[in-house]
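These notes concern the structure reproduced below.
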There are 2 protein chains.
Amino acid sequence: MTKALSGRQAQAARNDEVILAAARAVFIADPGAPISAVAERAGVGISALYRRYASKEELLRRLCSDGLARYIEESEKTLADNREPWLAFGAFLHSLVDADTNSLTQRLAGTFTPTPDLWRDAARAAELNQAIYARTKEYLRPGIVVEDFGVILEQITSIKLGDEARTNQLRHRYLTLMLEAMHRPGERPGGGSELPGPPPSSDELTDRWRA
Amino acid sequence: MTKALSGRQAQAARNDEVILAAARAVFIADPGAPISAVAERAGVGISALYRRYASKEELLRRLCSDGLARYIEESEKTLADNREPWLAFGAFLHSLVDADTNSLTQRLAGTFTPTPDLWRDAARAAELNQAIYARTKEYLRPGIVVEDFGVILEQITSIKLGDEARTNQLRHRYLTLMLEAMHRPGERPGGGSELPGPPPSSDELTDRWRA
DNA sequence: GTTGGAACAGAACATTTCGTTCCGTTTGAG
DNA sequence: CTCAAACGGAACGAAATGTTCTGTTCCAAC
């Protein structure tokens, strides 16, 4: 289909990626989708899936792991970004919306049992997140905590309207709004009222990986 | 159990409300929940459900209808609110978060076929929504359209963390943030950057009632 | 006290969904 | 030509779930 890497092994190599891409698309659209939907979308039979992954769980773990890796990658890229911190922070969140890492990590959590590797990656991600928070803190509105990031991203990525492109567009729209709300207000008088209730805690967030 | 309205008919009358309350709680927590979960939560048998509703769909329609009614009620209350429009608007959205009307209307849509009555109520709700928008427009940040309300509420109510009380608390937290972002910025220099992409349209929203 | 029927609990049933296995076929390398 | 990797998709079995059905309870009218 794509190129002339002749041979059955070439097709297999191509299928590796085709299947992963299909799985990403399908499970992002519907985390509870059946595995047959992945095969259909990839244009392969079911056995092509089971040749690569021993079970549905294993496929989901792979997707989650890839998502986490992507998240970590974007985080490191952000920490290496020498532009103004607030600008870099905004670009960071927008890139996470584009990559839709939340749908691959948080939303898939609970549908499978995490491996130690996953826990390690998650810890690493939290670490980087904290570093970004520390660097951005002085620009953030007082009262915003690092745990807010995840919850806000989750809200944003809960939006689903129209096709994929339109959904993405709208997510950026509301992220833009949210980013302004997260920014430390200037000396304007009315801005920055007290946020009600305690902020989300780290424990509350990680608890969902067990449910 | 509760009071001394003796007789089997009294129990039946009480069950009417118990069942509805249970159904609300169950389907808000999980729109795809089995009907047996409702019976369990209500502490009744399954036949107590089927005595009142001919099918699961009918129960869902009832919940949706009640949710819409509640939405309309809050809208009218808001239009009759003589306080400063922005204050009334904020109270409006907060009350909708408390009532969780979105989970009963939007999120249940698509799981059943709407009746003409439902369409009428939905049209009425949209009308009132428009009236509230008109009254609040001058306080809103330019670029915000009436269709934003629904999408924003949907984001907010997508939050689910901890028990019901905690979830509600966090929803109000992020609604507070969002409300500030929706407010027309003062004369501050940096505020109010352009929102990317076209806003959600009315058609996009109603299309989901058919899917 | 008797009894008819409304109301109910929950087992039983039929259907659907879905993960997984299995069998027969294709295909390309040696 | 041959063999096995790779594959397509039907088949299978388990689980979930909407609905129906059976037997039981309990109030109210006579």
Side-chain angles (χ1 to χ4, degrees), chain A residues 1-64 107-108 110-113 211, chain B residues 1-64 108 110-113:
Chain A
M1 186 69 73
T2 53
K3 278 300 160 46
L5 260 181
S6 70
R8 199 91 192 225
Q9 300 175 357
Q11 178 189 5
R14 259 180 286 120
N15 276 355
D16 283 347
E17 293 189 16
V18 169
I19 286 175
L20 265 183
R24 247 193 310 272
V26 166
F27 288 124
I28 280 179
D30 174 14
I35 217 167
S36 61
V38 176
E40 205 167 340
R41 168 122 184 185
V44 302
I46 295 183
S47 57
L49 291 186
Y50 276 89
R51 164 151 297 273
R52 292 166 174 80
Y53 307 96
S55 66
K56 183 184 189 181
E57 259 207 35
E58 198 173 303
L59 173 56
L60 289 177
R61 272 196 291 264
R62 170 64 187 273
L63 289 178
C64 183
R107 287 190 73 172
L108 256 49
T111 66
F112 61 85
T113 60
Chain B
M1 185 71 73
T2 52
K3 277 302 160 45
L5 258 181
S6 71
R8 200 89 192 228
Q9 299 175 357
Q11 177 190 5
R14 259 179 284 121
N15 276 355
D16 283 347
E17 294 189 15
V18 169
I19 286 175
L20 265 182
R24 247 193 311 272
V26 166
F27 287 123
I28 280 179
D30 174 14
I35 217 166
S36 60
V38 176
E40 206 167 340
R41 168 122 183 185
V44 302
I46 293 183
S47 59
L49 290 186
Y50 276 89
R51 162 150 295 273
R52 292 165 174 79
Y53 306 96
S55 67
K56 184 184 188 180
E57 258 208 36
E58 199 173 302
L59 172 56
L60 289 177
R61 271 195 291 263
R62 170 65 187 272
L63 289 178
C64 183
L108 256 48
T111 66
F112 61 86
T113 60

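Proteins get letters first, then strands, A, B, ... in listed order; numbering begins at 1 in each.
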Atom pair distance, as rounded to whole Å: [atom1] in [X] and [atom2] in [N]:
{"X": "A/Leu49", "N": "D/dG9", "atom1": "CG", "atom2": "P", "result": "12 Å"}
{"X": "B/Phe112", "N": "D/dG18", "atom1": "CZ", "atom2": "C1'", "result": "17 Å"}
{"X": "A/Tyr53", "N": "D/dC7", "atom1": "OH", "atom2": "P", "result": "12 Å"}
{"X": "A/Arg41", "N": "D/dG8", "atom1": "CZ", "atom2": "C1'", "result": "20 Å"}
{"X": "B/Ile35", "N": "C/dA11", "atom1": "CD1", "atom2": "P", "result": "17 Å"}
{"X": "B/Glu57", "N": "D/dT19", "atom1": "CD", "atom2": "C1'", "result": "14 Å"}
{"X": "A/Arg51", "N": "D/dG9", "atom1": "CZ", "atom2": "P", "result": "16 Å"}
{"X": "A/Arg52", "N": "D/dG8", "atom1": "CZ", "atom2": "P", "result": "9 Å"}

Practice task
Would you indicate, yes or no, if C/dA7 has its OP1 or OP2 atom less than 4.0 angstrom from a side-chain nitrogen or oxygen of B/Asn15?
Solution key: no
Compare the minimum distances between each of [options] and the side chain of [X], then state the nucleotide with the smallest one.
{"X": "A/Val44", "options": "C/dA9, D/dG8, D/dA5", "result": "D/dG8"}
{"X": "B/Ser55", "options": "D/dC7, D/dT19, C/dA6", "result": "D/dT19"}
{"X": "A/Ile46", "options": "D/dT20, D/dA10, C/dC8", "result": "D/dA10"}
{"X": "A/Lys56", "options": "C/dT20, D/dG8, C/dA6", "result": "C/dT20"}
{"X": "B/Ala48", "options": "D/dT17, C/dC8, C/dT20", "result": "C/dC8"}
{"X": "B/Pro34", "options": "C/dA6, D/dT17, C/dG10", "result": "D/dT17"}

Handout entry: Contact summary for B/Val26 and B/Ala37, nearest pair of heavy atoms
Key = CG2-O, 4.0 Å
Problem - Residues, nucleotides or ligands: over 12 heavy atoms within 6.0 Å of B/Glu57 CD - result: yes
Practice task
Decide if atom CD of B/Glu40 counts as having more than 12 heavy atoms of other residues, nucleotides or ligands within a radius under 6.0 Å.
Solution key: no
Exercise for the section: Working to the nearest 0.5 Å, report the span between CG of A/Leu20 and OH of A/Tyr53. Expected result: 3.5 Å
Exercise for the section: Ignoring hydrogens and angles, tell me if any N or O in the side chain of A/Arg61 forms a donor-acceptor pair with the backbone of A/Thr113 under 3.5 Å. Expected result: yes
Exercise for the section: Select from A/Ser47 and A/Ser36 the residue whose nearest nucleotide in DNA chain C is closer to the 5' end of that strand. Expected result: A/Ser36
